[in-house]
Enquirer: 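Please read through the structure below; I'll follow up with questions.
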Amino acid sequence: MMRSVLLLASLWISSALNGEQSPQNDQSHSDISIDFAPVYATCDPTPNSDIHRNNGLYYIKPDANGPVIAAICSNGYTMIDPTFDLRLERLPSYLSSWDYSRMSLDMIMPNLDDTATFREWWLPSDEATKFRIADQCRACESSKSTTSENADDVVYYTDSYNFCYTTFRDGNPCEQHINDEACNKCDDGIFADDSNAHSYWSRCNALQVSPDTPSLHPPDGRVNNPLLYRPAMSMTRHTCTCYQTSATEAPVPYVVP
């Protein structure tokens with residue numbers, strides 16, 4: 001139910017941000033007085049502050065020269081939710097590049113020639129930015145995975161099934177120690193049991209990794225059953241990634257019409 005409400009809200013926000021008005025708002029310019037309201041660069045790091053309430057939906061402006069976008073303020077973090085811009089007319093201004101998954105329109109990621117880490121992909125972030133995850137986009141929370149070195153510095157990547165023409169199909173990648181991320185927790189994917197009755201993910205749309213995980217895709221790896229990873233964002237609210245630029249400083253205010 002909550003996902004349906006938020007999806008309807010995202011459609012309304014997308015229309016509002018792109019200048020579409022409902023019939024009730026179709027007035028002559030002479031009848032409209034323009035008010036200015038403060039819009040902040042990010043969510044306040046203090047939940048339930050004077051400017052942002054926890055789990056509230058707000059407009060933010062991550063850069064002085066960038067567009068206004070919608071976001072959810074959760075536990076002092078800003079939740080990045082592409083469903084508030086389903087036509088992707090504003091959010092891409094804050095990405096180094098973007099493209100859809102080769103499988104569907106349910107996910108976006110850097111384009112194939114862009115090897116950005118998540119920290120590099122999300123342009124408002126810098127070396128000091130912290131990241132959290134939001135399974136089902138419910139709340140920005142620290143990772144509870146035992147494989148996470150820093151519970152407050154975790155983002156979502158997808159595995160190579162969504163951007164390569166072949167992918168790893170030879171059993172449990174964790175048991176085989178294919179790479180450092182193969183044993184990481186997957187919050188959205190396809191799961192199976194190996195011959196030892198160990199559960200593992202065989203495809204993962206939302207793998208918990210460090211925001212500085214390399215996004216590598218050598219040409220030979222695209223066609224030789226690889227297990228590679230790239231930053232990703234869900235267009236269906238299965239998962240969201242959150243960020244915090246400072247744990248102590250209030251966000252920069254902007255005045256926009």
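Along the sequence shown, residues are numbered consecutively beginning with 1. For the numbers below, each heavy atom of this structure counts, side chains included, while hydrogens, waters and symmetry mates do not. The model shown is predicted, which means the values in this text are computed figures rather than measured ones.
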Enquirer: Under a plain distance cut-off of 3.5 Å, with no hydrogens placed, do D212 and T117 share a side-chain donor-acceptor pair?
Expert: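 Result is no, nothing qualifies.
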Enquirer: Kindly say whether Q136 contributes a backbone atom to a donor-acceptor pair with the side chain of H238 at under 3.5 angstrom?
Expert: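 Flag not set: sc H238 to bb Q136 has no pair under 3.5 Å.
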Enquirer: Just checking, R90 and F84: is the charged tip under 6.0 Å from the six-membered ring centre and within 45° of the axis?
Expert: no
Enquirer: Would you say C240 and C140 have SG atoms less than 2.5 angstrom apart?
Expert: no
Enquirer: Ignoring hydrogens and angles, tell me if any N or O in the side chain of D126 forms a donor-acceptor pair with the backbone of T129 under 3.5 Å.
Expert: yes
Enquirer: Determine the minimum heavy-atom distance between A232 and W121, stating which atoms define it.
Expert: N-CZ3, 3.8 Å
Enquirer: Measure the shortest side-chain to side-chain distance between F163 and M109 over non-hydrogen atoms and say whether it is less than 4.5 angstrom.
Expert: yes
Enquirer: Is Y77 reachable from Y40 through a run of I, L, V, M, F, W or Y residues, each pair having side-chain heavy atoms under 4.5 Å apart?
Expert: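 No: no chain of side-chain contacts under 4.5 Å links Y40 to Y77.
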Enquirer: Contact between F131 and F118 at the side-chain level, heavy atoms closer than 4.5 Å - yes or no?
Expert: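 Answer yes - side chains close enough.
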Enquirer: With no hydrogens and no angle check, do the side chains of Y229 and N179 hold a donor and an acceptor under 3.5 Å apart?
Expert: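 The answer is yes; a qualifying pair exists.
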Enquirer: In Å, rounded to the nearest 0.5 Å, how long is the span from CG of L207 to SG of C186?
Expert: 6.0 Å
Enquirer: Any idea which heavy atoms bring D114 and S215 closest together, and the distance?
Expert: O-OG, 4.2 Å
Enquirer: Between the side chain of T42 and the main-chain N/O of P251, is any donor-acceptor distance below 3.5 Å?
Expert: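 No, T42 side chain to P251 backbone: no donor-acceptor pair under 3.5 Å.
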Enquirer: So, do C43 and I72 sit near enough that their side-chain heavy atoms are less than 4.5 Å apart?
Expert: no
Enquirer: From K185 NZ over to C204 SG, what is the distance, rounded to the nearest 0.5 angstrom?
Expert: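 Output value for this atom pair is 9.0 Å.
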Enquirer: With side chains defined as the heavy atoms from C-beta onward, is the minimum distance between M235 and L86 less than 4.5 Å?
Expert: yes
Enquirer: Would L227 end up clustered with F191 when hydrophobic side chains under 4.5 Å apart are linked, directly or stepwise?
Expert: yes
Enquirer: Okay, side chain of N54, backbone of N75: is any donor-acceptor separation there less than 3.5 Å?
Expert: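 Looks like yes, one N/O pair under 3.5 Å.
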Enquirer: How close do N172 and C174 get, heavy atom to heavy atom, and via which atoms?
Expert: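 Minimum heavy-atom separation between N172 and C174: OD1-N, 2.9 Å.
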Enquirer: Looking at R138 and D135, would you say the former's side chain and the latter's main chain have a donor-acceptor pair under 3.5 Å?
Expert: yes
Enquirer: Group every Ile, Leu, Val, Met, Phe, Trp and Tyr by side-chain heavy-atom contacts under 4.5 Å, then state whether I69 and Y58 land in the same group.
Expert: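 No: no chain of side-chain contacts under 4.5 Å links I69 to Y58.
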Enquirer: Please round to the nearest 0.5 Å and tell me the distance separating atom CG of D106 and atom CG of N205.
Expert: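 Nearest 0.5 Å value for the CG-CG distance: 8.5 Å.
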Enquirer: Could you tell me which non-hydrogen atom of P45 sits nearest to which non-hydrogen atom of Q244, and how far apart they are?
Expert: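 Minimum heavy-atom contact is CB-NE2, 3.8 Å.
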Enquirer: Rounded to the nearest 0.5 Å, what separates atom CG in L91 from atom CD1 in I108?
Expert: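 With rounding to 0.5 Å, CG (L91) is 5.5 Å from CD1 (I108).
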Enquirer: Is V209 close to V154 at the side-chain level, that is, under 4.5 Å between some pair of heavy atoms?
Expert: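 Answer no - side chains too far apart.
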Enquirer: Step by step, would you call I133 with E141 a side-chain contact (heavy atoms from CB on, under 4.5 Å)?
Expert: CA-CA 6 Å; I133 50 176; E141 298 178 331; 5.8 Å; no
Enquirer: What distance do N55 atom CG and C73 atom SG have between them, rounded to the nearest 0.5 Å?
Expert: 9.5 Å
Enquirer: What are the two closest non-hydrogen atoms of A41 and Y243, and how far apart are they?
Expert: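 Nearest pair, atom of A41 first, then Y243: O-OH, 4.2 Å.
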Enquirer: Is atom CG of N48 surrounded by more than 12 heavy atoms (other residues, nucleotides or ligands) closer than 6.0 Å?
Expert: yes
Enquirer: Are side-chain N/O atoms of R119 and S125 paired as donor and acceptor at under 3.5 Å?
Expert: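 Side-chain D/A pair, R119 to S125: absent.
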Enquirer: Verify the distance criterion only: is there a donor paired with an acceptor across the side chains of Q208 and D187 at less than 3.5 Å?
Expert: yes
Enquirer: Do M233 and W122 make a side-chain contact, defined as non-hydrogen atoms from C-beta onward lying under 4.5 Å apart?
Expert: yes
Enquirer: Would you say the side chains of Y157 and R230 form a donor-acceptor pair under 3.5 Å?
Expert: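 No, R230 and Y157 have no side-chain donor paired with an acceptor closer than 3.5 Å.
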Enquirer: A side-chain contact here means heavy atoms from C-beta on lying under 4.5 Å apart; do L88 and Y100 qualify?
Expert: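 A side-chain contact exists here, since the closest heavy-atom pair is under 4.5 Å.
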Enquirer: If every non-hydrogen atom of Y200 is compared with every non-hydrogen atom of P173, which pair is closest and at what distance?
Expert: CD1-CD, 3.7 Å
Enquirer: Hey, any chance L228 and M103 share a hydrophobic cluster, counting ILVMFWY side chains that come within less than 4.5 Å of each other, even indirectly?
Expert: no
Enquirer: Return yes if some donor-acceptor pair links the side-chain N/O of T46 with the main-chain N/O of S49 below 3.5 Å, else return no.
Expert: no
Enquirer: Passes side chain to side chain donor-acceptor pair (under 3.5 Å), S142 versus D152? Steps please.
Expert: CA-CA 5 Å; S142 303; D152 281 333; 2.5 Å; yes
Enquirer: Same cluster or not: are W201 and Y161 linked, directly or through other Ile, Leu, Val, Met, Phe, Trp or Tyr residues, by side-chain heavy atoms under 4.5 angstrom apart?
Expert: no
Enquirer: Look only at the side chain of K61 and the backbone of G66, and say whether a donor-acceptor pair between them is shorter than 3.5 Å.
Expert: yes
Enquirer: Short question: side chain of S202, backbone of I190 - any donor-acceptor pair under 3.5 Å?
Expert: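 Yes; at least one donor-acceptor contact below 3.5 Å.
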Enquirer: For D159 and R203, run salt bridge (charged side-chain N to carboxylate O under 4.0 Å, His left out): C-alpha distance rounded to whole Å, both residues' side-chain angles, the deciding distance at 0.1 Å, then the answer.
Expert: CA-CA 7 Å; D159 79 342; R203 298 178 188 171; over 6 Å; no
Enquirer: Give the intermediate values and the outcome of side-chain contact (heavy atoms from CB on, under 4.5 Å) for residues T78 and I60.
Expert: CA-CA 9 Å; T78 303; I60 63 169; 3.7 Å; yes
Enquirer: How far does NE2 of H177 sit from SG of C183, to the nearest 0.5 angstrom?
Expert: 7.0 Å
Enquirer: With a 4.5 Å limit on heavy-atom distance, are the side chains of D153 and P211 in contact?
Expert: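 In contact.
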